[in-house]
Amino acid sequence: MSAVELDCVAKVYPNGTVAVSELSLSVDDGEFMVLVGPSGCGKTTALRMVAGLEEITSGTIRIGDRTVNQLAPKDRDIAMVFQNYALYPHMTVAANIGFPLQLHGVPKDEIARRVDEAATLLGLEQLVDRKPGQLSGGQRQRVAMGRAIVREPSLFLMDEPLSNLDAKLRVQMRAEVARLQQRVGVTTIYVTHDQTEAMTMGDRVAVMRAGLLEQVDTPQALYDDPDSLFVGAFIGSPSMNLYQARLDISGNASGSIELGGQKLGLPADVLTSRPGLQRYKGRPVVVGIRPEDLSEEDGRSESDGGRLKADVLLVEALGSESLVHFDLGVPIFEVEGTRSAVEDQGDVAPHLAGIGGTARFGPRTTVAVGTAIGLRVGTARLHFFDPADGRAIRD
Amino acid sequence: MPALRRRLRWPGWGRVGFYLAVLVVLAVSLFPFYWIVRTSLETSAEFSAGTTSLLPAHLTFSNYTQAFTQADFARPLLNSAIIALATTAVSVFFGSLAGYAMARLRVPSGPILTFILVAGFFPVLAMVGPLFLLYRHLGFLDSIYPLIVTYLVYTLPIATWLLRNFFAQIPPDLEEAALVDGATRLRALWKVVVPVAVPGVFTAAILSFILAWNDFAFALSFLQTPSKFTAPLAIVNLGQTQNAFQVMYNRIDAAVVIVTLPIALLVLLAQRRIVSGLTAGALR
């Protein structure tokens with residue numbers, strides 16, 4: 001077990017393509033760190049550089065107290081799980097799991113004992129004599145995990161290990177991998193494009209875009225307090241509703257934002273908790289509203305928050321809740337790179353992406369398609385971003 | 001009911017024609033082999049008496065035993081085996097290394113591959129003259145080992161080319177997994193890549209072996225002493241007797257069968273290994 005430290009690590013390919021630029025990231029001993037981002041963001045390249053499968057153009061990578069820049073993969077004391085598992089097709093399950101031990105000159109009976117242990121831990125006892133070709137996807141995935149844990153390395157690297165499984169198995173293996181990691185307690189760097197996987201598995205999550213690290217934090221902090229439009233839009237499912245709006249501040253007390261033709265009042269504490277908003281007085285901002293911060297206007301409460309009127313486009317009753325897709329009459333603010341990533345995850349009906357917004361209502365909602373409704377906005381939990389550079393506006 | 005009627009028309013003239021054509025092709029290609037085997041089982045007297053029937057009158061293995069007792073056919077067989085096996089081993093070893101490099105490293109392998117193919121198909125007789133002069137200069141003549149080098153000129157390019165194509169199909173993830181698991185590049189090659197490319201390795205080995213085993217032109221040009229002859233070369237001498245006008249074709253044919261057997265067995269055995277789909281299960 002050891003901590004991992006990436007210091008200004010960059011990867012530039014000979015043709016000038018910058019895959020990763022100036023990535024600085026420290027992973028604590030025993031931590032489960034998830035690298036997440038849309039495809040092509042450099043997360044896999046970053047992982048491969050830690051593995052030693054990709055040369056580093058500049059910067060330093062330390063595993064434990066060793067600088068590993070020049071070390072071959074075999075000398076880094078790491079184990080890796082590949083997206084397609086990369087099991088050795090000519091070897092049995094037992095030989096696959098035992099291969100790293102064999103390469104490290106572990107005695108035969110010791111190998112047999114440890115392979116047995118790993119196979120038991122992963123529920124593969126019955127399959128040790130099979131070849132990978134005779135296994136199902138989930139079983140192959142487990143063998144790949146077994147091959148990783150058997151050597152008790154100081155670092156696990158996982159490159160989208162669940163992306164080839166079907167949805168149900170993916171959810172199951174998600175829990176299994178996380179449980180396994182907690183059990184063996186080995187520092188883990190896990191790459192995925194799936195923000196749900198990132199949120200549910202990671203102790204901390206590093207969001208990457210276009211070779212740059214956008215933000216590193218715990219899943220909840222990323223969700224509650226995104227540093228940038230990109231993180232705000234990428235993390236969360238259904239994703240944050242983002243609109244371009246104009247900010248008006250009257251005096252110092254309260255203000256409002258203009259969303260299309262509608263005005264949304266902002267109480268004083270919204271402005272005081274985000275002093276940076278003063279600089280955007282009379283200027284456009286991007287406002288972000290999480291679907292759960294929009295609730296159904298019931299005509300009774302007159303408490304906090306403003307109200308918006310919207311037309312209902314679609315109601316998806318999920319049993320535990322209903323997702324209400326609506327149109328505010330304002331185009332949603334497109335964040336480069338997130339749209340496709342979000343659609344990839346299949347959370348948004350493609351014909352709705354780009355026009356409306358989503359609200360999370362209770363399961364018993366009576367809202368009907370085609371009607372106009374009032375939405376109560378939890379203004380205290382609004383997010384504000386600079387439309388030019390996409391940074392969050394706070395102080 | 002058109003569907004039923006079509007089924008009743010079985011086997012259909014197209015199908016009959018197809019199998020007839022297959023039969024003709026089989027007969028044309030197998031008949032010479034049959035005739036060799038038949039002749040090799042005849043006595044000299046029967047052979048001289050002329051052929052009256054498709055089947056031999058009665059079978060004798062005397063030609064086979066004589067090939068070893070009177071003509072010492074074992075020696076050339078051993079020579080051929082040494083040469084062919086050595087050629088095969090060297091071809092597969094270096095072909096693997098070169099093919100792997102071309103499949104994985106960022107080298108412009110296109111022109112190299114073209115050159116390799118052209119070299120592999122260079123006319124044999126065009127090579128005999130220059131190589132003879134070169135070998136005479138080097139003192140390589142009348143020795144079996146230089147023949148190995150000669151055959152490599154042909155087998156190594158073919159093996160390299162074949163293996164390169166097989167390696168290129170193997171996902172790089174497999175070796176990378178081996179690298180991370182603790183292997184060096186070379187160890188990953190021998191422990192993972194080559195075993196996964198077994199169909200390719202077998203194909204390359206068999207082609208190399210057959211080429212070296214069957215060669216006549218080079219052996220005829222470079223060898224003089226009968227004890228150093230390869231099997232194909234020895235077969236020619238095998239038919240000669242004291243009587244200059246009599247050629248023992250039946251003994252020649254016995255030797256031909258002996259020489260052909262290893263190749264036929266090799267291909268039959270390897271056929272099972274040359275099944276594709278061996279990579280099934282590596283991925284996904």
Side-chain angles (χ1 to χ4, degrees), chain A residues 13-15 47-48 50-54 72-93 95-106 130-141 143-144 147-148 150-151 153 155-157 159 163-165, chain B residues 92 96 99-101 103-109 163 165-205 269-284:
Chain A
Y13 285 105
N15 63 13
L47 190 79
R48 289 170 55 85
V50 176
L53 296 172
E54 204 83 60
K74 70 182 177 69
D75 300 320
R76 296 192 181 196
D77 194 20
I78 51 174
M80 185 157 169
V81 178
F82 291 77
Q83 179 169 12
N84 50 28
Y85 318 143
L87 301 181
Y88 309 122
H90 57 296
M91 299 183 191
T92 61
V93 167
N96 261 285
I97 297 178
F99 191 63
L101 298 175
Q102 192 201 332
L103 287 175
H104 283 82
V106 177
R130 301 239 187 120
K131 295 258 177 87
Q134 301 163 286
L135 302 179
S136 71
Q139 289 166 340
R140 286 177 201 176
Q141 218 289 325
V143 176
R147 196 170 62 186
V150 75
R151 215 178 74 233
L155 175 64
F156 282 154
L157 302 174
D159 185 8
S163 62
N164 282 330
L165 301 176
Chain B
V92 170
S96 294
Y100 180 69
R104 285 290 185 263
L105 304 183
R106 284 194 202 96
V107 289
S109 55
L163 288 167
N165 289 340
F166 265 88
F167 292 159
Q169 286 171 19
I170 295 175
D173 284 3
L174 274 188
E175 298 133 72
E176 288 178 346
L179 292 182
V180 173
D181 280 347
T184 57
R185 270 268 167 204
L186 271 184
R187 214 157 164 204
L189 173 63
W190 297 127
K191 288 228 153 201
V192 174
V193 180
V194 169
V196 172
V198 148
V201 173
F202 266 85
T203 312
L269 287 177
Q271 207 175 26
R272 282 194 208 147
R273 310 296 311 257
I274 310 179
V275 279
S276 51
L278 207 84
T279 51
L283 306 172
R284 307 220 166 183

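Quick caveat, the model's predicted, so the values are computed rather than measured. In what follows, chains carry the letters A, B, and so on, assigned in the order in which the sequence lines appear, proteins first and then strands, with residues in each chain numbered from 1.
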Rounded distance [0.5 Å steps], CD in B:E176 versus CE in A:M80: 7.0 Å
A:F82 CZ to B:L174 CG distance, which is reported to the nearest 0.5 Å: 9.0 Å
Derivation and outcome, side chain to side chain contact (heavy atoms under 4.5 Å, CB included), residues B:L179 and A:K74: CA-CA 6 Å; B:L179 292 182; A:K74 70 182 177 69; over 6 Å; no
Sequence-distant partners of A:R76, salt bridge (Lys or Arg N to Asp or Glu O under 4.0 Å), two or more places apart: none
Partner residues of B:R104 under the salt bridge (Lys or Arg N to Asp or Glu O under 4.0 Å) criterion, sequence neighbours left out: B:E175
Polar side-chain atom of A:H90 near backbone of B:K191 as donor-acceptor pair, under 3.5 Å: yes
Under 3.5 Å donor-acceptor, A:Y88 side chain and B:A178 backbone: yes
Non-hydrogen side-chain atoms of A:R147 and B:D181 separated by less than 4.5 Å: yes
pair A:F99-B:V192: side-chain heavy atoms closer than 4.5 Å: yes
Best-contacting candidate, A:N96, A:L101, A:L103, against chain B by heavy atom pairs under 4.5 angstrom: A:L103
Under 4.5 Å from a heavy atom of chain B, the part of A:A79 involved: backbone
Chain A contact via B:R187 - which portion, at a heavy-atom distance below 4.5 Å: side chain
